[in-house]
There are 2 protein chains.
Amino acid sequence: MTKPNPQTIAAWTSLVTANRVLLDDIEYALKTAGLPKLSWYDALLEIEKAGAAGIRPFDLKERLLLPQYGMSRLLDRMAKAGLVDRQDVEDDGRGQIVRLTQKGRDVRQAMWPVYAATLTRSVERHLSQDEAAELHRLLKKLARTKS
Amino acid sequence: MTKPNPQTIAAWTSLVTANRVLLDDIEYALKTAGLPKLSWYDALLEIEKAGAAGIRPFDLKERLLLPQYGMSRLLDRMAKAGLVDRQDVEDDGRGQIVRLTQKGRDVRQAMWPVYAATLTRSVERHLSQDEAAELHRLLKKLARTKS
DNA sequence: CCAATATAGATGCAACTGCATCTACAAGAG
DNA sequence: CTCTTGTAGATGCAGTTGCATCTATATTGG
């Protein structure tokens with residue numbers, strides 16, 4: 001058995017904790033403001049980035065690290081809420097193209113200030129810009145799927 | 001509105017991604033080995049640390065950062081699986097004390113090698129000991145509840 | 001002692017997630 | 001063309017989570 005060194009365990013533990021603390025904080029702020037969950041924000045942003053060309057669900061799920069059925073259902077809910085528009089694509093009879101509606105853009109814009117304010121407060125109270133940059137460097141290195 | 005600086009956003013985004021990547025990896029390894037989810041491991045470990053004295057659910061939920069109802073139900077499931085033992089405590093008629101059963105200890109021990117091996121592989125392939133230590137330092141700083 | 005308030009824990013219900021499987025179309029092999 | 005295999009997406013069912021509320025006991029203030 002491969003025994004991890006203490007730094008590894010400490011890093012992982014603190015990663016999980018930091019993630020949960022900030023996430024709870026952000027989710028709480030969004031809910032209090034009567035806005036959708038953070039997972040919706042990520043999806044809205046990614047779809048918005050795709051612009052008028054739209055994006056295919058299978059592509060979206062890779063970017064959001066969601067399982068296929070999770071993506072399918074998230075789009076269901078967002079479509080029902082009128083935030084996205086799904087239409088069949090003719091090159092591929094199996095697939096569809098997702099685009100943001102105006103309401104989707106509005107909701108994303110409404111979420112951003114709340115999200116940003118909480119994030120700023122949570123991070124910048126504790127870390128300097130340099131520290132945040134260093135953290136980013138290390139985390140990106142950590143998460144490289146292909147080593 | 002408080003506008004976050006780019007380092008803040010980058011750090012947060014990479015934190016979420018790294019968390020998800022490693023978590024998926026670990027959960028997959030545990031499931032493949034026919035073992036319980038990681039959240040059970042954390043609870044088992046914390047309860048085991050409490051030893052013969054046991055621990056109160058309200059205390060446990062603080063350590064695990066779980067909501068009260070989440071804790072209640074997790075203990076339900078673990079008790080049903082025979083991993084923990086709940087008994088009423090006489091100083092406080094509302095409360096209970098949770099202890100690990102022998103089976104609980106066995107299961108935690110069975111989980112550890114799988115958990116450890118995956119963690120080691122995922123972290124130590126990408127980060128040196130010093131980098132892991134630095135990551136830990138930054139994340140701990142980030143998650144301090146009280147500034 | 002009694003009333004008001006606080007704390008420990010459980011629970012009904014709705015929403016969400018995971019898993020397995022299903023349908024529909026696409027692509028390649030013969 | 002037709003068969004096999006692959007890919008996009010949906011869905012039934014069971015398990016989990018979130019929210020609000022409930023019960024029971026404890027504590028505090030009069």
Side-chain angles (χ1 to χ4, degrees), chain A residues 19-20 23-43 47 50 54-81 83-99, chain B residues 19-20 23-43 47 50 54-81 83-99:
Chain A
N19 183 67
R20 216 178 275 163
L23 199 63
D24 286 355
D25 208 2
I26 292 166
E27 293 287 18
Y28 178 78
L30 287 171
K31 182 167 323 176
T32 299
L35 292 166
K37 308 186 44 178
L38 186 55
S39 56
W40 285 40
Y41 183 86
D42 295 335
I47 299 166
I55 185 169
R56 299 284 299 266
F58 75 93
D59 198 348
L60 204 47
K61 83 180 197 298
E62 300 301 334
R63 296 174 196 233
L64 298 173
L65 301 180
L66 286 178
Q68 182 271 320
Y69 57 81
M71 190 72 256
S72 175
R73 279 166 168 153
L74 179 54
L75 289 171
D76 272 355
R77 284 175 244 131
M78 294 198 303
K80 196 151 71 177
L83 306 186
V84 304
D85 176 65
R86 286 197 274 195
Q87 49 186 132
D88 293 349
V89 58
E90 70 274 0
D91 346 356
D92 186 342
R94 296 164 300 182
Q96 53 195 213
I97 284 276
V98 181
R99 291 185 190 80
Chain B
N19 183 67
R20 213 178 275 163
L23 200 64
D24 285 356
D25 207 2
I26 293 166
E27 293 288 17
Y28 178 78
L30 287 171
K31 181 166 324 175
T32 299
L35 292 166
K37 308 185 45 177
L38 186 55
S39 56
W40 287 39
Y41 183 87
D42 296 334
I47 298 166
I55 185 167
R56 299 283 300 266
F58 76 94
D59 198 348
L60 204 47
K61 83 181 196 299
E62 301 301 334
R63 297 174 194 233
L64 298 173
L65 302 181
L66 287 178
Q68 183 270 321
Y69 57 80
M71 190 73 256
S72 176
R73 278 166 169 154
L74 179 54
L75 288 171
D76 273 354
R77 283 175 243 131
M78 293 198 303
K80 196 151 72 176
L83 307 186
V84 303
D85 175 65
R86 285 197 276 194
Q87 50 185 132
D88 291 350
V89 58
E90 70 274 2
D91 346 355
D92 187 341
R94 295 164 300 182
Q96 52 194 213
I97 285 277
V98 181
R99 291 185 190 79

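Below, chains carry the letters A, B, ... as their sequence lines are ordered, and counting in each starts from 1.
Following rounding to the nearest Å, B:R77 (CZ) and C:dT17 (P) show an atom-to-atom distance of 15 Å. The distance between atom CE of A:M71 and atom C1' of D:dT11, rounded to the nearest whole Å, is 16 Å. The distance from atom NZ of B:K37 to atom P of D:dG15 is 13 Å, rounded to the nearest whole Å. Spacing between atom OH of A:Y69 and atom P of C:dC22 amounts to 17 Å, rounded to whole angstrom units.
At a non-hydrogen distance threshold of 4.0 Å, B:R56, B:P57, B:F58, B:Q68 from residues 55-68 of chain B come into contact with DNA chain C. For residues 83-93 of chain B, proximity to DNA chain D is found at B:D91, B:D92, B:G93, defined as any non-hydrogen atom under 4.0 angstrom from a strand atom.
Set against C:dG9, C:dA6, D:dA20, the side chain of B:R94 has C:dA6 as its closest nucleotide. The side chain of A:R73 approaches D:dC13 more closely than any other nucleotide in the set D:dG18, D:dC13, D:dT17.
For B:R86, the salt bridge (Lys or Arg N to Asp or Glu O under 4.0 Å) test picks out B:D76, with sequence neighbours left out. For A:Q87, the side chain to side chain donor-acceptor pair (under 3.5 Å) partners are A:R99, not counting sequence neighbours. Every residue meeting the side chain to side chain donor-acceptor pair (under 3.5 Å) condition with B:R94, not counting sequence neighbours, appears here in chain and number order: B:D92. Not a single side chain to side chain donor-acceptor pair (under 3.5 Å) links A:D24 to another residue, sequence neighbours left out. B:R73 pairs by the salt bridge (Lys or Arg N to Asp or Glu O under 4.0 Å) definition with nothing, not counting sequence neighbours.
Identified under the side chain to side chain donor-acceptor pair (under 3.5 Å) test for residues 33-42 of chain A, with sequence neighbours left out: A:Y41-A:R108.
Residue A:G70 is out of contact with every strand shown, counting any heavy-atom pair closer than 4.0 Å.
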Which pairs would a plain distance check flag for residues 63-72 of chain A, meaning a side-chain donor or acceptor within less than 3.5 Å of a matching protein atom at least two apart in sequence or in another chain?
{"unit_1": "A:R63", "atom_1": "NE", "unit_2": "A:D59", "atom_2": "OD1", "d": "3.3"}
{"unit_1": "A:R63", "atom_1": "NH1", "unit_2": "A:E46", "atom_2": "OE2", "d": "3.4"}

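Side-chain contact check for A:L60 versus A:I47: some heavy-atom pair is nearer than 4.5 Å.
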